[in-house]
J.: 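Handing you this structure, nothing more for now.
All values below were derived from every heavy atom in this structure, side-chain atoms included, with hydrogens, water molecules and symmetry-related copies excluded. Throughout, protein chains are lettered first and strands after them, A, B, ... in sequence-line order, and every chain is numbered starting at 1.
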Amino acid sequence: MLEITTLRNEKPRVLEGLAKRNITDADQKVAAVISLDDDRKRLQTELDDMLAERNTLSKQIGDLFKQGKADEAKTARERVGTIKDEVAKLEDQLRDTKASLEEQLLDLPNVPHTSVPAGAGEDDNEVYQAHEGDLPVLGEGAKPHWELADEYDIFSLELGVKLTGAGFPVFRGQGARLQRALITFFLNEAHKAGYEEFVPPLLVNEDSARGTGQLPDKEGQMYHVTKDELYLIPTAEVPLTNIFRDEILAETDFPVKITGFTPCFRREAGSYGAHVRGLNRVHQFDKVEIVRVAHPDKSYDDLMEMVDYVGGLLDALGLPFRILRLCGGDTGFVSALTFDFEVWSAAQQRWLEVSSVSNFETYQANRLKLRYRDAETGKTRLAHTLNGSALALPRIIAALLENNQTEEGIRVPEVLQGLLGQAMLVRK
RNA sequence: GGAGAAGUGGCAGAGCGGUUUAAUGCACCGGUCUUGAAAACCGACGUGUCGAGAGGCACCGGGGGUUCGAAUCCCUCCUUCUCCGCCA
């Protein structure tokens, strides 16, 4: 959620930014928010004045009774009676105003960073860095990962259908161990890079889903356990970031760097066909996430550090990848700047997104009430939140299987060999 | 799942219808004293909101109600603790 003071004080920047998201009526929307906020202030002041008078009179009534002046007390009491009606009326108006204010504020996405290019969709994203090396060229008979999965007993989608439904892969044998090796590798690296590891709950309450912005907008994305009013997390970002909900940090607490491995659950009814075959898009997948809470002056340094870190992971795995700076039309609603990481999937001959690293500036923090105390002024200010996948497993596995297939078997990246206990995946 | 108790400022802990704008202690911060530190003393010491400011208003687990007036009474939900049951 954007801050109203930002809308008021930095309106040109806000409008310019929203234009990059192709929001045509941003001007009216911002004006409407400000006008509602004016109403809110006016109502608040009127209400406060009423309450102040009521408080004074109530105190007087007490005194008058003590002094035995019952008549005067009665007059005052009548006056309070009329105030009460006023108060009720004002409270209703204020509640309604606040509700529509919030509704309209939620309708505004984050203001993109100045470096975000304008653009309509994914075709307008900018290649920020290419780490492609020489894209691997596969020989005759190279197979996509879903065929390799059968041949090598890596995972089974059919079994997942039997147990649960479409989009729930069942990893087995060396595939299951490969998965575990990747998780361990990612967590070990995060630990080395100074991220504190958490094992968070996989179900969160409504407040948490609201805090990171999944609610009310993206309700359909999450599995909802209605009996207990809980949501299965679509990403570890939700529990990890909500750790800091309603917190006030000291400047000395920065930098906050945490990580966690969780399964992620996404309902998104995707399209069908080659795009979603195999592990390309599933309802449940494993991911290691890194989250940061940053000082506003430092958050973009932190973002670039995260980008370098994620790139390092892909280098270590020997996967060709590129980094995209998302354009305004493709940048997520709550993000100010997002870098997507895509690995080359050699058999499918296409790029697969494996990570998204974003700075949300104060957009999430405003929702979360995540603040820090400015050491100089002693005032509280909203902190910046950032997160990134490091990394999402299924597409990494897809690329590893495809890119590393040989006549003899599938080569395991060196950094995983010790964890897996084998240097090659072998046919069943 | 059943029975009982409790949720107050960073922590501890009073207050149980109107001198509470929440006592007091500890912690933290500033100062005096000191070569330095400790101790002692003085001061400041929650969050949000409206206001240029003075100051006002709201918040005592969440929500609702009673009352001229609620931290205090009532209802409801949540959480924690104790006991019982079930259980990896």
J.: What is the separation between atom CD1 on I83(A) and atom P on G69(B), rounded to the nearest whole Å?
T.: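 Answer to the nearest Å: 10 Å.
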J.: Considering only atom P, compute the distance from C74(B) to C26(B) and round it to an integer number of Å.
T.: 35 Å
J.: Show, in sequence, the C-alpha distance, side-chain angles and deciding distance for R367(A) and E102(A), and conclude whether the salt bridge (charged side-chain N to carboxylate O under 4.0 Å, His left out) test is met.
T.: CA-CA 11 Å; R367(A) 215 78 226 289; E102(A) 178 167 305; 3.2 Å; yes
J.: How would you list all residue pairs meeting salt bridge (charged side-chain N to carboxylate O under 4.0 Å, His left out) that involve residues 287-302 of chain A, not counting sequence neighbours?
T.: K287(A)-E289(A), R292(A)-D302(A), R292(A)-E305(A)
J.: Take atom C1' in A6(B) and the same atom in G13(B), then report the distance between them in whole Å.
T.: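 Each nucleotide's C1' atom is 14 Å from the other's.
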J.: When rounded to the nearest Å, what value does the distance between C1' atoms of U76(B) and A58(B) take?
T.: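 Each nucleotide's C1' atom is 23 Å from the other's.
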J.: Hunt down the Watson-Crick or G-U wobble partner of G10(B), both distances under 3.5 Å, from any strand shown, or write none.
T.: C26(B)
J.: When rounded to the nearest Å, what value does the distance between P atoms of G30(B) and U24(B) take?
T.: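 To the nearest whole Å, 23 Å.
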J.: Heavy-atom nearest nucleotide on RNA chain B for T380(A) versus K41(A): which residue maps closer to 5'?
T.: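 Its nearest nucleotide lies further toward 5', so the answer is T380(A).
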J.: Would you measure the distance from the C1' atom in G61(B) across to the matching atom in U80(B) and give it in whole Å?
T.: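 Going atom to atom, C1' in each nucleotide, I get 10 Å.
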J.: On RNA chain B, nearest-nucleotide positions of I248(A) versus R40(A): which is more 5'?
T.: I248(A)
J.: Pick one: which of L178(A), N188(A), L393(A) meets side-chain contact (heavy atoms from CB on, under 4.5 Å) with I183(A)?
T.: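 For I183(A), the side-chain contact (heavy atoms from CB on, under 4.5 Å) test succeeds with only one of L178(A), N188(A), L393(A), which is L393(A).
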J.: Please step through salt bridge (charged side-chain N to carboxylate O under 4.0 Å, His left out) for the pair E46(A) and R42(A), ending with a clear verdict.
T.: CA-CA 6 Å; E46(A) 284 177 33; R42(A) 182 177 48 78; 3.4 Å; yes
J.: Rounding to an integer number of Å, can you tell me how far K84(A) NZ sits from A70(B) P?
T.: 9 Å
J.: Is there a Watson-Crick or G-U wobble partner for C81(B) with both distances under 3.5 Å, and if so, which one is it?
T.: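 Base-paired to G4(B).
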J.: Over 60° means perpendicular and under 30° means parallel, so classify the ring planes of F171(A) and F155(A), tilted if in between.
T.: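 Tilted: the ring planes of F155(A) and F171(A) meet at 30° to 60°.
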J.: Hey, are R95(A) and D92(A) close enough for a salt bridge, meaning a charged N less than 4.0 Å from a carboxylate O?
T.: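 Looking at D92(A) together with R95(A), the answer is yes, because their closest N to O distance falls below 4.0 Å.
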J.: Roughly how many Å is it from CG in L94(A) to P in C50(B), rounded to a whole number?
T.: 11 Å
J.: Quickly work out the E86(A) CD to C68(B) P distance and round it to whole Å.
T.: 18 Å
J.: At under 4.0 Å, does any side-chain N or O of R371(A) touch on OP1 or OP2 of G48(B)?
T.: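 For R371(A), the contact criterion (side-chain N or O under 4.0 Å from OP1 or OP2 of G48(B)) is met.
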J.: To the nearest Å, how far apart are E91(A) CD and U49(B) P?
T.: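 Atom CD in E91(A) sits about 19 Å away from atom P in U49(B).
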J.: Between the side chain of H295(A) and the main-chain N/O of F254(A), is any donor-acceptor distance below 3.5 Å?
T.: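 No; judged by distance alone, with no hydrogens or angles, the pair does not exist.
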J.: I need the CG-C1' distance between N205(A) and C77(B), as an integer number of Å.
T.: 14 Å
J.: Protein within reach of the bases, or only the backbone? For nucleotides 56-64 of chain B, mark each nucleotide 5' to 3' as B, S or -, using heavy atoms under 4.0 Å.
T.: BSS------
J.: So which nucleotide does A39(B) pair with, by the Watson-Crick or G-U wobble rule with both distances under 3.5 Å?
T.: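 Per the H-bond distance test, none.
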J.: Using Watson-Crick or G-U wobble geometry with both distances under 3.5 Å, which nucleotide pairs with C16(B)?
T.: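 For C16(B), the partner nucleotide comes out as none, under the 3.5 Å rule.
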J.: Taking only N and O in the side chain of K59(A), is any of them less than 4.0 Å away from OP1 or OP2 of C68(B)?
T.: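 So the side-chain polar atoms of K59(A) never come under 4.0 Å of the phosphate oxygens OP1 or OP2 of C68(B).
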J.: In whole Å, what is the span from the CD atom of E206(A) to the P atom of C78(B)?
T.: 14 Å
J.: Can you tell me how far C1' in U21(B) sits from the matching atom in C73(B), rounded to whole Å?
T.: 23 Å
J.: I'd like the P distance from U79(B) over to G31(B), given in whole Å.
T.: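 So the two P atoms sit 46 Å from each other.
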J.: Rounded to the nearest Å, what distance is computed from the CD atom of residue Q60(A) to the C1' atom of nucleotide U19(B)?
T.: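 For the pair Q60(A) CD and U19(B) C1', the rounded distance is 15 Å.
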J.: Rounding to the closest angstrom, what is the interatomic distance between G43(B) and C33(B) at atom C1'?
T.: 15 Å
J.: State which residues pass side chain to side chain contact (heavy atoms under 4.5 Å, CB included) with F333(A); sequence neighbours excluded, sorted by chain then number.
T.: P109(A), D217(A), Y363(A)
J.: I'd like to know if the side chain of K20(A) reaches the main chain of H113(A), judged simply by a donor and an acceptor atom lying under 3.5 Å from each other, with no hydrogens or angles considered.
T.: yes
